[in-house]
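Please read the structure below before turning to the comments.
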Amino acid sequence: MRLILSIVMLAMPIAAAGQSSRPAGTTTAPAVKLGPRYTDRLVGISLCPPADTDRSMQTSARRLVGWTRRDKQTSAVRWSLEVLRTKHKPTKMLLSEYAKAVAAELARTGNFKVESTRISVVAGKSAMHFRGIWNAAFKLWRRQTWVRIKPGEHIVLSITGDPAAKAEMDAVLTAVLDSMRLFDPKVAITEYKQNLARGAAVLEKLSVAKLKTIIHKQPCYCTIKLKDKIIGFIQLTESITKRSDAQGLNVVSNGVLMLPGAPVQLTWKKLFTTPDRNLERWERVSVRGRGKTALREIQEVIKKDHWILVRLHQRSWKQKVPELLIPAYLPEAFSALLPRLLDRSKAETYAFAVYNPDKNDFDMRTVRVVGAETIHISEKAVKATRLTDQMSAQAPTVNLWVDKKGMILRMRMPNGLTMERTDRRTVTARFAAELAELDKLRRTKGK
């Protein structure tokens, strides 16, 4: 599932603008077209990003989200906008004096030479604006706005790019700040804790005997479509096996994706976990492109008790599952089975902690059981249960329909991609060469 969800982009309605961040007496900024509203309920921030930009899916504990605008002819990056969250020791300094201290620190530690500083109000909160030159591999123009949301904590909007686009960037950030709203996230956080408790209750009941009753005895195939054209597939094989003298769930996932204008991507994954989740292992090999120019990535993740070790190429790192997340920690091998683990007879919301090796941190995955629906597959009416699935608080929400056993029938994503269950014959007829390549990945395991 992660292979597909990682390329989904969020689409939500545009909302109204907030309080102006322009200084009094200035002329109106050039018109800026804004896109669909972005909201982070757990942080308590909402804003409209600039239109005609690419949203970055790479986040961290500090970086909430980002957008990039590229040149339409060359595809070179024109500028990048990101939203950050910073925490510092609270100070009793006057805001004007604190702004000077922040500017000095930006120059000392961030190569950001601040040329002008201004104080204003954004979304009803005091804000510091910094403009200047960022010295990286090239000299780039940068503007940062620090919005104080509580003592010692700021939301930072930062835009960086070609100095020739300074006026454009300045207008863009002003427009985005005008759309910004801040709200108390306490209600959302309370709901999330309740959802995590429900997720933990699902996972604590698992056993080998339980897993044997829900795994699919035969391989499951799904096609991936874009505008009714098949551009890939996923194959899942599930079994109960023993690794390191421990019995548990073993899932092998093969996938092919052929997005228009992008290199073909092949992915092979072997996932294992014990029911108590104390022993877990991922093995993943992905190949982008074909022949000698193909890029290969090999990743291994091992979890023992509460420690996770990641190996990627020649690098390795580790992470500990926070104590508060241990009860709701969801192993990757359970990802495809998750609808089968839930009570689908009633509407309910569940949340799980999932490890994201790309940022070495944990995402909160939210799954909602919506209810019974009838869908049409190959012109036949099929009774199904609809669920929604959100891989993290900032990720798009996808719609998922499953059969009475909880097996996937269809998954629909906001960017037009659809995944639908099929049979081996359909996949073999269209992807014989790719199946052979995936078989090589399986046999070599990346060696």
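Only heavy atoms go into these numbers, but all of them, side chains included; no hydrogens, no water, no symmetry mates. Keep in mind it's a predicted model, so treat the numbers as computed, not measured.
- Residues L249 and A333 approach most closely at CD2-O, 3.5 Å, considering heavy atoms.
- A distance of 12.0 Å separates CG in L337 from CD1 in I408, rounded to the nearest 0.5 Å.
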Take V301 and E332, measure what side chain to side chain contact (heavy atoms under 4.5 Å, CB included) needs, and give me the verdict at the end.
-> CA-CA 10 Å; V301 179; E332 182 72 359; over 6 Å; no
Could you go through the side chain to side chain contact (heavy atoms under 4.5 Å, CB included) check for M364 and L325 one step at a time?
-> CA-CA 10 Å; M364 296 297 106; L325 298 183; 3.8 Å; yes
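- Scanning both residues, F272 and Q247, for their nearest heavy atoms gives CZ-C, 4.2 Å.
- Here the straight-line distance linking atom CD1 of I214 with atom CE of M407 works out to 10.5 Å at 0.5 Å rounding.
- Considering only heavy atoms from C-beta on, T267 comes within 4.5 Å of S286 through its side chain.
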For residues 316-324, run the donor-acceptor check on the side chains, cut-off 3.5 Å, and write out each pair with its distance to 0.1 Å, sequence neighbours left out.
from: W317; atom 1: NE1; to: Y355; atom 2: OH; distance (Å): 3.3
from: Q319; atom 1: NE2; to: N360; atom 2: O; distance (Å): 2.8

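- Taking every heavy atom of both residues into account, L312 and I298 meet most closely at CD1-O, 3.2 Å.
- The shortest heavy-atom contact between L34 and C48 is CD2-O, 3.7 Å.
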Audit row: R368, T397, side chain to side chain donor-acceptor pair (under 3.5 Å) steps and yes/no = CA-CA 10 Å; R368 293 180 174 88; T397 298; 5.6 Å; no
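- Counting heavy atoms from C-beta on, the side chains of V402 and L409 never come closer than 4.5 Å.
- Side-chain contact between L182 and V147: present, with at least one pair of heavy atoms (C-beta onward) separated by less than 4.5 Å.
- Exactly one of D40, I155, V156 qualifies for a side chain to side chain contact (heavy atoms under 4.5 Å, CB included) with R85. That residue is I155.
- Annotation: side chain of S253 is in contact with side chain of L236 (closest heavy-atom distance under 4.5 Å).
- Going from atom CD1 of I224 over to atom CZ of F233 covers 8.5 Å, rounded to the nearest 0.5 Å.
- The OG1 atom of T349 sits 10.0 Å away from atom CG of L387, with the distance rounded to the nearest 0.5 Å.
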Full working for side chain to side chain donor-acceptor pair (under 3.5 Å) between S116 and R131 | CA-CA 5 Å; S116 68; R131 292 173 173 85; 4.8 Å; no
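- Residues satisfying the side-chain hydrogen bond (donor to acceptor under 3.5 Å, both in side chains) criterion with R386, sequence neighbours excluded, are E373, N399.
- For residues 168-205, there are no ring pair (Phe, Tyr, Trp, His ring centres under 6.0 Å) pairs, not counting sequence neighbours.
- Taking 4.5 Å as the limit, every side-chain heavy atom of M413 sits out of range of all side-chain heavy atoms of P396.
- Residues satisfying the side-chain hydrogen bond (donor to acceptor under 3.5 Å, both in side chains) test with E168, not counting sequence neighbours, are R69, R78, W79.
- Looking only at side-chain heavy atoms (C-beta outward), W268 and V287 stay at 4.5 Å or farther from each other.
- In this structure the side chain of F334 never reaches within 4.5 angstrom of the side chain of V202, judged on heavy atoms.
- Annotation: side-chain hydrogen bond (donor to acceptor under 3.5 Å, both in side chains) contacts involving residues 144-154, sequence neighbours excluded, comprise H129-T145, Q144-W146, Q144-S158.
- A 4.5 Å side-chain heavy-atom check between V102 and H88 finds every atom pair outside the cut-off.
- The existence of a salt bridge linking E297 and R288 is excluded, since no basic side-chain nitrogen approaches an acidic carboxylate oxygen closer than 4.0 Å.
- Under the 3.5 Å distance criterion, the side-chain polar atoms of K303 are matched with a main-chain donor or acceptor of D305.
- Not counting sequence neighbours, the partners of E82 by the side-chain hydrogen bond (donor to acceptor under 3.5 Å, both in side chains) test are R63.
- Remark: side-chain polar atoms of D363 are not paired, donor with acceptor, to backbone N or O of R365 under 3.5 angstrom.
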Between Y38 and V83, does a side chain to side chain contact (heavy atoms under 4.5 Å, CB included) hold up when you go through it step by step?
-> CA-CA 11 Å; Y38 163 87; V83 181; 5.7 Å; no
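- Listed by chain and residue number, E238 satisfy the salt bridge (Lys or Arg N to Asp or Glu O under 4.0 Å) test with R340 (two or more places apart in sequence, or in another chain).
- Of all heavy-atom pairs spanning P49 and L47, the tightest one is CD-O, 3.6 Å.
- Here the CG atom belonging to L94 is positioned 10.5 Å from the CD1 atom belonging to I119, to the nearest 0.5 angstrom.
- Under the salt bridge (Lys or Arg N to Asp or Glu O under 4.0 Å) criterion, R412 pairs with no residue, sequence neighbours left out.
- Shown here for P331 and E280, the closest heavy-atom pair between the two residues is CA-OE2, 3.2 Å.
- No side-chain donor-acceptor contact under 3.5 Å links R311 to the backbone of I302.
- Rounded to the nearest 0.5 angstrom, N250 CG and L271 CG are separated by 8.0 Å.
- Taking 4.0 Å as the cut-off between side-chain N and carboxylate O, R243 and E283 count as a salt-bridged pair.
- Considering only residues two or more places apart in sequence or on other chains, R281 meets the salt bridge (Lys or Arg N to Asp or Glu O under 4.0 Å) condition with E300.
- Remark: W134 engages no residue in a ring pair (Phe, Tyr, Trp, His ring centres under 6.0 Å) (not counting sequence neighbours).
- Remark: Y98 pairs with no residue by the ring pair (Phe, Tyr, Trp, His ring centres under 6.0 Å) rule, at least two apart or across chains.
- When the side-chain hydrogen bond (donor to acceptor under 3.5 Å, both in side chains) test is applied to D276, the partners found at least two apart in sequence or on another chain are T274, N278.
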